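Residue numbers begin at 1 in each chain, while the letters A, B, ... track the order of the sequences. Keep in mind that what you see is a predicted model, and the values were worked out from it rather than measured.
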Amino acid sequence: MSPNTSVSPPNASGQAILVAVGWPYANNHLHAGHLAGAYLPADIFARYQRMRGNRVLMVSGSDSHGTPVTVRAEQEGTTPEDVFQRYHQSFLDTFKGFGISFDLFTSTDTANHIEVTQQLFLQMLEQGDLYEADQELLFDSIAGRFLPDRYVEGICPKCSFDGARGDQCDNCGSTLDALDLINPRSKLSDATPERRKSRHFFLRLTAFTERLMKWIEQPEHRDWRPHVRNFTLGMLREGLIDRSITRDITWGVPIPLEGYESKRIYVWFEAVIGYLSATKEWAATSGNPDGWKAWWTDPAARTVYFIGKDNVPFHTVIWPAMLMSAGGLNLPSDVPANQYVTMSGSKASKSRGGVVWLPDYLERYDPDPFRYALTASMPETNDTDFTWADYVRRNNDELVARWGNLVNRVLTITRRNFDGRVPRAPSTLSPESQALLDRVDGAFDTVGGDYDRVQMRRALAGAIEVAGAANQYLDARAPWQAVKTDRDHAAETLYVAINAISGLITILNPVLPFTTQKAWEYLGHEGKVGIAGWRRTPVLAGTVLPEPGPLYRKLDDSVVAEEEARLGL
RNA sequence: GGCAGGAUAGCUCAGCGGUAGAGCAGCGGACUCAUAAGCCGUUGGUCGCGGGUUCAAAUCCCGCUCCUGCUACCA
């Protein structure tokens with residue numbers, strides 16, 4: 001990927017960029033890990049690319065199928081549809097609340113998705129990339145369900161540890177086959193599972209090893225994140241395994257063939273197709289049914305997948321293999337998978353607590369400070385730890401004090417001393433004034449390049465540093481004094497500071513969409529931030545400045561203890 | 001077991017071949033426009049351990065210790 005580092009005006013015919021975001025599983029609310037891992041970086045990336053004038057399409061949807069949804073429905077005495085609908089709505093509310101700017105957030109429970117999935121299924125079957133075979137599986141006769149390996153526990157055949165899961169032993173770390181467990185028991189009902197044969201469809205992954213290897217080794221994939229690239233190469237070197245892509249369940253996408261009424265296509269095969277089906281849905285809805293091709297069949301398009309690291313194999317091996325089988329569709333340009341965020345040192349876990357639920361957060365705080373704090377410690381190269389102490393510090397020291405206060409102090413002095421209007425600067429600026437504006441303009445290149453490479457931490461650090469430079473500039477020129485002795489000097493300072501802020505607003509907008517929009521209006525600008533593209537929008541002398549308000553609230557230290565208690569660790 | 005990432009100032013982390021850096025915390029100072037914010041200065045580290053390569057290593061190589069995570073038949 002060549003980083004876009006040059007500043008260009010908005011351009012309706014920019015590059016087509018598909019921002020594909022992992023599909024959340026509709027069996028619980030979203031938490032901070034989801035946001036930091038996938039939705040926030042995707043949103044920052046999309047907002048930046050839109051301002052660059054690129055044709056961005058950002059899609060995702062609820063993954064409505066799969067065993068845990070049905071399990072949860074049974075526990076609650078309701079239907080899978082009900083569970084899925086409830087959380088789907090929760091997701092929509094959460095994205096709205098945090099400003100995650102999807103062009104479409106749909107679900108796998110649509111007629112369109114089912115149709116696209118079945119069509120691809122049949123196409124791959126015809127290609128010979130799917131085949132039928134019998135599979136021996138464990139069946140829980142009390143729950144009346146075949147058991148995924150993870151739902152079986154027993155004694156590890158290798159180390160005799162009692163409590164090994166069907167897929168892996170937590171004690172000795174070896175990968176297991178559920179059929180080899182000694183004294184197996186179902187995690188659903190505690191029943192002793194019985195062996196049953198079942199006929200299923202398999203994805204012939206083994207046939208794709210060579211092609212995938214070639215694809216990964218293309219020069220443009222060299223700068224994929226090391227953990228993504230190496231993990232994928234490792235899988236390919238070890239040898240792929242054909243996997244069954246159907247299950248004995250009734251909640252899911254039906255198999256479009258006679259005699260398979262009691263089986264469904266399984267989620268890991270079907271959910272990734274959502275990227276394609278969602279694009280088609282968006283195109284159809286916007287009145288141009290062929291519009292999806294701009295992102296999927298035009299080789300000039302860029303498709304970037306934002307997911308958590310646990311999802312890497314599906315996006316760098318399985319989905320590309322499926323796309324190769326289908327033919328004529330773009331393979332992922334990049335999969336900048338993130339690592340994990342831990343909460344106060346504890347891994348987010350639904351059972352053990354230690355989770356910041358996003359709907360919960362929004363009841364008490366504003367979205368931008370969370371976006372800011374999570375971006376500042378985004379798990380791009382390693383797991384990171386979120387603490388409320390860090391959140392409060394970043395809010396108070398960086399958002400309130402450094403950035404918010406910069407805007408506030410500049411606007412206040414100006415309004416008070418220049419009749420509420422932006423003062424006029426001399427035609428030739430002093431060197432330090434010019435230097436500040438140059439610094440802001442330069443940040444469009446450096447920070448923009450970081451956004452483009454999906455290095456959000458670096459981007460944000462670079463942006464906030466410029467706010468620091470603006471504060472230094474102000475202190476050096478002390479317009480609050482100059483206004484009494486040399487009005488022209490003060491006028492230049494404030495004019496320059498206001499214009500520097502204007503640039504900073506645009507630069508920070510991908511991370512802080514809500515508060516930068518507010519600030520944008522405080523400068524007398526109209527419309528949306530960045531409407532003029534990825535560049536500093538000048539604020540002209542004489543512009544009437546409306547009364548500003550605080551962009552951020554200072555938080556009391558007691559928030560830390562309160563929220564830590566709420567984490568229940 | 002395999003793979004990845006980490007181990008650098010009290011804390012969070014950046015640097016990734018060329019005289020140890022930032023923010024916060026601590027200490028001192030000048031200022032007062034601002035949500036008592038901002039600015040300047042300063043204390044503080046034998047860069048996990050042991051070898052090696054090099055004129056030069058936090059930075060490259062080998063070995064070791066500890067931490068985190070991933071490991072497609074859960075999403």
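Using the six-membered ring where Trp is involved, A/H221 and A/W224 have ring planes that are tilted, between 30° and 60° apart.
Rounded to a whole Å, the NZ atom of A/K309 is 9 Å from the P atom of B/U71. Atom pair A/E380:CD and B/A4:C1' shows a separation of 16 Å (rounding to whole Å applied). Distance, A/N230 CG to B/A4 C1': 7 Å, rounded to whole Å. Regarding A/R393, its CZ atom lies at a distance of 7 Å from the P atom of B/C24, rounded to whole Å. Between the P atom of B/C74 and the CZ atom of A/F146 lies a distance of 13 Å, rounded to the nearest Å. Here B/C73 presents its P atom at 11 Å from CG of A/L205, a figure rounded to the nearest Å. Rounded to whole Å, the distance from CD1 on A/I318 to P on B/U71 is 12 Å. Note: CD1 (A/I241) to P (B/U71) measures 14 Å, nearest angstrom.
Across all strands, A/R237 comes closer than 4.0 Å to no nucleic acid atom at all (heavy-atom distances). A/R243 comes within 4.0 angstrom of a nucleotide base, judged by non-hydrogen atoms across all strands. Across all strands, A/W268 comes closer than 4.0 Å only to sugar-phosphate atoms, never to a base (heavy-atom distances). Residue A/L411 is classed as having no contact, given no heavy-atom separation below 4.0 Å to the nucleic acid. Residue-level contact check: A/G239 touches the bases, meaning some heavy atom is under 4.0 Å from a base atom.
A side-chain N or O of A/W319 and one of A/Y305 form a donor-acceptor pair less than 3.5 Å apart. No side-chain donor from either of A/H200 and A/S244 sits under 3.5 Å from a side-chain acceptor of the other. For the residue pair A/D109/A/S107, the side-chain donor-acceptor check at 3.5 Å is not satisfied.
The partner of B/G26 is B/U42, judged by Watson-Crick or G-U wobble contacts that both fall below 3.5 Å. Look at B/U68: its Watson-Crick or wobble partner, with both distances under 3.5 angstrom, is B/A4. Of all nucleotides present, only B/C49 satisfies the Watson-Crick or G-U wobble test against B/G63, with each distance under 3.5 Å. For B/C55, the paired nucleotide is B/G18, the pair qualifying as Watson-Crick or G-U wobble because both relevant distances are below 3.5 Å.
Here the separation of B/C49 from B/A7, taken at their C1' atoms, is 11 Å to the nearest Å. Comparing B/G17 with B/C61, their P atoms sit 11 Å apart, to the nearest whole Å. Atom C1' of B/A22 sits at a distance of 26 Å from the matching atom of B/C60, rounded to the whole Å. Atom name C1', nucleotides B/U59 and B/C70: the rounded distance is 27 Å, in whole Å. Annotation: B/C64 and B/C3 have their P atoms spaced 12 Å apart (nearest Å). For the C1' atom pair drawn from B/C13 and B/U8, the interatomic distance equals 9 Å after rounding to whole Å. Spacing between B/G23 and B/A9 at atom C1', rounded to whole Å, works out to 12 Å. With C1' as the reference atom, B/A20 and B/A14 are 12 Å apart, rounded to whole Å.
Here A/F84 and A/H65 keep their ring centres 6.0 angstrom or further from each other.
Proximity of a side-chain donor or acceptor of A/N417 to a complementary backbone N or O of A/I413 within less than 3.5 Å is detected. With hydrogens and angles disregarded, a donor-acceptor distance shorter than 3.5 Å links the side chain of A/Y522 to the backbone of A/G549. A/R371 contributes no side-chain N or O that, together with a main-chain N or O of A/L35, makes up a donor-acceptor pair within less than 3.5 Å.
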Practice task
If a protein heavy atom is under 4.0 Å from the base, mark B; if only from the sugar-phosphate, S; if neither, -; do that for nucleotides 29-41 of chain B going 5' to 3'.
Solution key: --SSBBB-SBSS-
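Nearest-nucleotide positions on RNA chain B place A/H227 closer to the 5' end than the other of A/H227 and A/W23.
For the pair A/R487 and A/F418, the cation-pi test (distance below 6.0 Å, angle within 45°) is passed.
A/E136 pairs with exactly one of A/K197, A/R195, A/R196, A/R199 by the salt bridge (charged side-chain N to carboxylate O under 4.0 Å, His left out) rule, that one being A/R195.
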Can you give me the N/O atom pairs linking the protein to nucleotides 11-14 of chain B at distances under 3.5 Å, or say none if there are none?
none

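Using a 4.0 Å cut-off between a side-chain N of Lys or Arg and a carboxylate O of Asp or Glu, A/E563 and A/R364 qualify as a salt bridge.
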